[in-house]
Trainee: 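Just dropping this structure here.
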Amino acid sequence: MIALIFFSALLWNKAQAWGFKDGVLHNSIWLERAAGVYHRESRSGKYQLTYAEAKAVCEYEGGHLATYQQLEAARKIGFHVCAAGWMAKGRVGYPIVKAGANCGFGKTGIVDYGIRLNRSERWDAYCYNPNGKECGGVFTDSKHVFKSPGYPNEYENEQICYWHIRVKYGQRIHLQFLEFDVEDDTACMADFLEIYDSYDDINGFVGRFCGDELPDDIISTGNVMTLKFLTDASVTAGGFQIRYITMDMPSKSNDGKNMTSQGKPNFLSGKFGIM
Ligand SMILES: [Ca+2]
């Protein structure tokens, strides 16, 4: 138990590494979009947006600042972000699904800073846009097909999409690539899809993929997985369709049947191996 708490604390510390790392936007735990609600921070980093700027960020993308109720509805289906952001009417807060010592004061729910009198304070933003193009989300159903934004048309430049899969405890996630065509370059630096065997894009890196070769199936070790799709400013391609299905964890007696001794079946290391 103590070890478990220690491990959780470790994860939480790592999860604080939010924002830009190596020039790439990293997300906090869970995901960035659910129920039409998503989190935005300034390109210059965390807590840089005044109320007027936060409002402008959401409106630029065709949405508006989320209300407290919209943020709570998103939270109820797994939207968890450890960063305070502006909501409608000058309110500030953030959604906590999973209680942690370093975020949300160990509570779950909306951590509510209330309506701010000083609209020049700088926070992040929570936008609401139910009509936004499908680019990421939180999925809890037993099977689903993800498509790159705009599929079957080519995806667009400058996309950042996160798909977070969370199935029932005790189940695994089996990813199957149906179609795959992402701008190819030798280091997969331009456009890429990354897969993480965890609930964020900080831990459990499995692989980074680009090009038009269909990757092999991937099976998670636990009941959560994160997919991240980033595209740069030029050259697009056909995109992808990826299906996941849930699998029940094998009982102990079946161990070793389709698994390696480490219990990590079919685990790809991507083009670059584990980072
Ligand atoms: Ca590109």
Side-chain angles (χ1 to χ4, degrees), residues 17-28 31-34 38-46 48 56-63 124-125 127 129 131-139 144-165 175-198 200-218 225-244 268-275:
W18 147 282
F20 282 90
K21 193 175 90 183
D22 304 328
V24 173
L25 182 71
H26 279 254
N27 205 352
S28 126
L31 217 273
E32 80 147 30
R33 181 194 284 267
Y38 57 95
H39 167 264
R40 277 281 176 267
E41 64 180 19
S42 160
R43 287 191 186 273
S44 51
K46 191 174 178 178
Q48 300 288 329
V57 163
C58 299
E59 285 169 5
Y60 177 77
E61 296 170 341
D124 292 347
C127 305
N129 183 4
N131 303 316
K133 60 190 163 211
E134 182 170 344
C135 174
V138 178
F139 296 90
H144 193 91
V145 176
F146 301 108
K147 293 170 183 169
S148 49
Y151 194 90
N153 297 320
E154 296 200 347
Y155 57 79
E156 290 173 22
N157 291 316
E158 294 180 333
Q159 299 284 302
I160 304 174
C161 311
Y162 288 87
W163 290 269
H164 173 81
I165 310 168
L175 288 184
Q176 300 165 306
F177 293 82
L178 307 177
E179 305 278 341
F180 196 79
D181 182 16
V182 171
E183 181 189 357
D184 197 10
D185 72 282
T186 47
C188 285
M189 291 305 283
D191 303 345
F192 59 81
L193 176 75
E194 281 183 344
I195 298 190
Y196 292 82
D197 185 34
S198 77
D200 59 27
D201 65 344
I202 296 160
N203 303 294
F205 177 77
V206 175
R208 176 185 283 191
F209 304 94
C210 66
D212 58 8
E213 203 176 301
L214 213 56
D216 290 337
D217 290 9
I218 296 172
M225 249 187 161
T226 299
L227 281 69
K228 171 180 180 176
F229 180 52
L230 250 77
T231 72
D232 67 359
S234 65
V235 185
T236 62
F240 53 81
Q241 284 198 83
I242 301 167
R243 175 167 57 210
Y244 81 75
L268 275 189
S269 52
K271 259 190 166 166
F272 294 113
I274 304 289
M275 285 203 289

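Computed from a prediction, not measured in an experiment: that's the story for all the values here. Counting starts at 1 for both ligands and their atoms, following the listed order. For the single chain, residues carry numbers from 1 onward in sequence order.
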Trainee: Report the angle formed at the Ca ion (ligand 1) by atom OD2 of Asp191 and atom O of Ser234, rounding to the nearest 10°.
Mentor: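 Roughly 160°, rounded to 10°.
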Trainee: Atom CG of Leu193 and atom SG of Cys161: how far apart are they, to the nearest 0.5 Å?
Mentor: 9.5 Å
Trainee: If you consider just the N/O/S atoms, which atom of Glu183 is the closest one to the Ca ion (ligand 1)?
Mentor: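 Nearest N/O/S atom: OE1.
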Trainee: So, 3.0 Å as the limit: is an N/O/S atom of Thr236 located closer than that to the Ca ion (ligand 1)?
Mentor: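 Under 3.0 Å: Thr236 has no N, O or S contact with the Ca ion (ligand 1).
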Trainee: Has Val235 got an N, O or S atom lying less than 3.0 Å from the Ca ion (ligand 1)?
Mentor: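 Val235 does place an N, O or S atom closer than 3.0 Å to the Ca ion (ligand 1).
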Trainee: Name of the Asp232 N, O or S atom nearest the Ca ion (ligand 1)?
Mentor: OD1
Trainee: Taking the inter-plane angle between the rings of Phe209 and Phe177 on a 0 to 90° scale, is it parallel (under 30°), tilted (30 to 60°) or perpendicular (over 60°)?
Mentor: tilted
Trainee: Tell me if the centroids of the rings in Phe139 and Phe146 come within less than 6.0 Å of each other.
Mentor: yes
Trainee: Roughly how far, to the nearest 0.5 Å, is the CE atom of Met189 from the CZ atom of Arg208?
Mentor: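 It is 5.5 Å, given to the nearest 0.5 Å.
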Trainee: Counting C-beta onward and ignoring hydrogens, is there a side-chain heavy-atom pair between Asp232 and Glu183 closer than 4.5 Å?
Mentor: yes
